[in-house]
Amino acid sequence: MKAATTDTFAHRLLAWFDVSGRHDLPWQHPRTPYRVWLSEIMLQQTQVATVIPYFQRFVERFPTLPDLAAASTDDVMAHWAGLGYYARARNLHAAAKACVAHHGGELPRDFDALHALPGIGRSTAGAILAQAWDDRFPILDGNVKRVLTRYHGIGGWPGLPAVEKQLWALAHAHVEHVPAGRLADYTQAQMDFGATLCTRARPACVLCPVNEDCVARREGLTEALPTPKPGKPLPEREAVALLLENTAGELLLQRRPPTGIWASLWTLPQADTDAGMRDWFAQEIAGDYDNAEELPLIVHTFSHYRLHLQPLRVRKVALRDTVRDNDDLRWVARTDLATLGLPAPIRKLLGNGS
DNA sequence: AAGTCGGGGGA
DNA sequence: TCCCCAGACTT
């Protein structure tokens, strides 16, 4: 069994790109630093198909960096309107002016100088240098994060600093294997690969040029990676459950309805409130509810809420004469519990010797 | 570390 | 509806 490797990744990706990559995007013809920069800014959090018409109109109105620097704010914003994230346009304009003021009207071919310009972060600076000059810099955008988490089997949400640090290290390791003169193609290849093959949903693993070495594919984790962003805190709900024992030591179980939480499973009689539980008890049971013993609180997490379930135990009770043992309400010997479908937290409670 | 910015597309 | 997208910046 082979582990994910950095030896072959770049070469295989480039071979795939030569045949199946995108070679006709507007900013590739011609591929000037200014046009690469503009495209990278427009493509931040924005899909290619959305960007293309904006890019065409923008470069037609502002063909060069000095043209952009000389334009009015209103003119620039008018050509950005509809793209969203308008701070990008303001930063772009400010950066153009800074380039005219400090870099002779061109984008600097220096990582730190580029990174210092407004709107250009670590990944965008690398993308510009690699694509415009074939300089050896890695990128780490959403596509690359998805590809690397899968290829190397990296768990944890990629937005976490610790995970991101790991991914940058892997991106660096891969880029070291790219042949000189192919950094621009490699950069584009990663994005094309992530956008067309290693997609978020239903990736085309059969066609993947690196599927032999992909950890996620080998371990069946393709759908699970990258780890999704943690959601908002779950709503909290409370409920009461009754652990009822008859004189024979049997437990009273109730079958859940065929839909909803724990559908058709056997659980303890349960209610949303203590008052509701008391009413049900008075209706169905012969015994003393006030004699109930509080058992340890059960906290159980569902996909859409967290349940705090308070179990109450009452011994030596019976069903009222009007209520019969039936399909939905049964006395069960402890030794027979294993034969019934019980939710995990309930099974744990009953197996605890409670 | 978390919040903010935005419109579009897919599940 | 929710989540994600060629992220960067501020608090």
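By convention in this document, chain letters (A, B, ...) are assigned in the order of the sequence lines, proteins followed by strands, and residues within each chain are numbered from 1.
As a whole-Å value, the separation of Leu83(A) CG from dG7(C) P is 13 Å.
Base pairing of dC5(C): its partner is dG7(B), meeting the Watson-Crick or G-U wobble criterion (both donor-acceptor distances under 3.5 Å).
Separating the P atom of dT11(C) from that of dG6(B) is a span of 15 Å, rounded to the nearest Å. Distance noted for atom C1' between dA6(C) and dA1(B): 24 Å (whole Å).
Taking the side chain of Leu43(A) as heavy atoms from C-beta on, and the options dA8(C), dA6(C), dG6(B), the nearest nucleotide is dA6(C). Of the listed nucleotides (dG8(B), dG7(C), dA11(B)), dA11(B) has the atom at the smallest distance from the side chain of Ala201(A). Side-chain proximity of Gln45(A) to dG7(C), dG8(B), dA6(C): nearest is dG7(C). Among the nucleotides dG7(C), dC5(C), dC9(C), the one closest to the side chain of Gln47(A) is dC5(C).
In terms of modelled atom types and a separation under 3.5 Å, the side chain of Trp80(A) and the main chain of Gly84(A) share a donor-acceptor contact. Remark: side-chain polar atoms of Arg35(A) are paired, donor with acceptor, to backbone N or O of His29(A) under 3.5 angstrom.
The base of dA6(C) lies close enough to the side chain of Arg22(A) for a donor and an acceptor atom to sit less than 3.5 Å apart. The base of dG6(B) lies close enough to the side chain of Thr46(A) for a donor and an acceptor atom to sit less than 3.5 Å apart.
In this structure, the ring of His174(A) has its center less than 6.0 angstrom from the ring center of His152(A).
The nearest heavy atom of DNA chain C to Ile120(A) and to Pro226(A) marks one nucleotide each, and the one closer to the 5' end goes with Pro226(A).
Taking the six-membered ring where the residue is Trp, Phe17(A) and His23(A) present tilted rings, their angle falling between 30° and 60°.
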